[in-house]
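Notes for the one structure printed next.
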Amino acid sequence: MRLVRTVQAALAATLFLAVTACGSSGGDGESSATGLNPPDLKAPSHLGKPEGEVDLIAWAGYVEDGSNDPDADWVSDFEKQTGCQVRSKVAASSDEMVKLMKTGEYDAVSASGDASLRLIASGDAAPVNTDLVPNYQDIFPDLKMQPWNSVDGKAYGIPHGRGANLLMYDTEKVTPAPTSWSAVFDGASAYKGHVTAYDSPIYIADAALYLKAHRPELKIKDPYALDQKQFDAAVDLLKEQNKNVGEYWSDYLKEVSAFKSGDSVIGTTWQVIANLAASEGAEVKAFVPEEGSTGWSDTWMVSSKAKHPTCAYKWLNWIVSPKVNAQVAEYFGEAPANAKACEQTSDKDFCTTYHAADTAYWKRIAFWNTPVEQCLDGRTDVTCVPYAKWVQAWTEIKG
């Protein structure tokens, strides 16, 4: 059985930490528009002798040693080849990952975009020397040096995989077939009690993406860079949607069950969930609506306090090697980051299904990023709403 992340509601606004206090950046990289000014940490110039162990924080399904599924084991060969024994902690949310990384007890983390900038700005993640990760050269170019994994021309991690947040609907109960996110926002009352939505503060960006297309007077450029007026509009839209939501999902098996039973007939999903629901008899389709979609791109980041940095780098190179990256992608249900992984998947149509090499497809996806006060869209005349307030608003939205 595939394992995918289960996302819990954020625990507390205090987890956001120091990102909102960062000053303006004087760097020359494309990410300088964020205003982030992370600590001046250096990436290693070379690797030393493997330390014999590595401590990882990961999403469920990313670090498999055969104990959950005997057919899913890419840890044992890593340990044999490198001498680095793997100890891993499964995190249930991005907020938990940030909290764990702050302890200094872990060497690396598989961070999503709603955590990565927090780790960079706080100094908990160090820049990465990509020359020390040979398989980095085969990573899809449109995953490299992106706003969620780099700052001022410095790479802060190695891309692992990506996916889109799709609109899924019951083809028998939702007619005509939807083409827009309006089906779960302005038109949600038609399916009152049977709309489902993703249970996370980052879902506010989905509302912002919709408003970007349908309320141009708000002048939203980036769904993760919202001034107070734009943010309030997104929150108001979600509060209105809440009246029609039957369930906010975090466990993908529960969403599959809800679509099979008819409790849910339309809402946000992932490709792996749509595939599983269809394979179990649900009459569903999933797609990227006309406004585009949000999505996630995960990055392996190295702790600035790593006690086992050489083993951490060896893990980064291993997890994005073609064969292993293919194994993880199929098990987890995501597009691999390594272009050569597509030649290694057991399902030869896998990369087509998940749009792994479809550059035009990914241009329609607004990947998760961490909202900060310094607007990510480059504006300097306003202050944007930081993630801590997204967390507070999400609690209010759900009532």
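None of the values given here were measured: they were computed from a predicted structure.
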Taking the side chain from Ser150 and the backbone from Pro147, do they hold a donor-acceptor pair closer than 3.5 Å?
no

CA sep, side-chain torsions, deciding dist, call: Trp368, Tyr198, ring pair (Phe, Tyr, Trp, His ring centres under 6.0 Å):
CA-CA 13 Å; Trp368 287 349; Tyr198 188 48; 5.8 Å; yes

Backbone N or O of Met301 within a donor-acceptor pair of the Thr299 side chain at under 3.5 Å?
no

Between Gln271 and Gly333 (side chain of the first, backbone of the second, donor and acceptor by atom type, cut-off under 3.5 Å), is there such a pair?
no

Can you tell me if Gln344 uses its side chain to pair, donor with acceptor, with the backbone of Gln327 under 3.5 Å?
no

Reported CZ-to-CZ distance for the pair Arg162 and Phe367, which is rounded to 0.5 angstrom:
5.5 Å

Donor-acceptor pair, distance only, cut-off 3.5 Å: does the side chain of Ser110 make one with the backbone of Trp59?
yes

For Lys305, look at atom NZ and say whether over 12 heavy atoms of other residues, nucleotides or ligands are found less than 6.0 Å away.
yes

Side chains of Val133 and Trp300: closer than 4.5 Å at any heavy-atom pair?
no

Shortest non-hydrogen contact between Ile220 and Leu211, atoms and distance:
CD1-CB, 4.0 Å

Can you check whether Trp318's main-chain N or O pairs, donor with acceptor, with Asn135's side chain at less than 3.5 Å?
no

Leu237 backbone acceptor or donor facing Glu240 side chain under 3.5 Å:
no

Would Lys229 and Asp232 count as a side-chain contact (heavy atoms from CB on, under 4.5 Å) if you check the C-alpha gap in whole Å, the side-chain angles of each, and the deciding distance to 0.1 Å?
CA-CA 5 Å; Lys229 181 179 179 181; Asp232 289 345; 5.8 Å; no

How about Trp270 and Trp249: are their ring centroids closer than 6.0 Å?
yes

Heavy-atom distance under 4.5 Å between the side chains of Pro336 and Cys351, does that happen here?
yes

Does any N or O in the side chain of Tyr387 come within less than 3.5 Å of the main-chain N or O of Pro201, such that one atom is a donor and the other an acceptor?
no

Between Glu330 and Ser346 (side chain of the first, backbone of the second, donor and acceptor by atom type, cut-off under 3.5 Å), is there such a pair?
yes

For the backbone of Lys144 and the side chain of Gln146, can you confirm whether one donor and one acceptor N or O come within less than 3.5 Å of each other?
yes

Among Ile139, Val320, Asp138, which one satisfies side chain to side chain contact (heavy atoms under 4.5 Å, CB included) with Lys340?
Asp138

More than 12 non-hydrogen atoms from neighbouring residues, nucleotides or ligands closer than 6.0 Å to NZ on Lys348, yes or no?
yes

Charged N to carboxylate O below 4.0 Å: is that the case for Asp124 and Lys99?
no

With a 4.0 Å cut-off on N to O distance, would you call Arg118 and Asp95 a salt bridge?
yes

In short, Thr196 meets Glu255 closest at the heavy-atom pair CG2-OE2, 3.6 Å

Flag the pair Pro159 / Phe140 as yes when at least one side-chain heavy-atom distance between them is below 4.5 Å, and no otherwise.
no

Going by an N to O cut-off under 4.0 Å, is there a salt bridge joining Glu291 and Lys212?
no

Can Tyr331 and Asp71 be counted as having a side-chain donor-acceptor contact under 3.5 angstrom?
no

Taking the basic N atoms (NZ, or NE/NH1/NH2) and the acidic carboxylate oxygens, is any pair closer than 4.0 Å for Asp55 and Lys307?
no

In the hydrophobic cluster built from side-chain contacts under 4.5 Å, what are the other members alongside Val90?
none

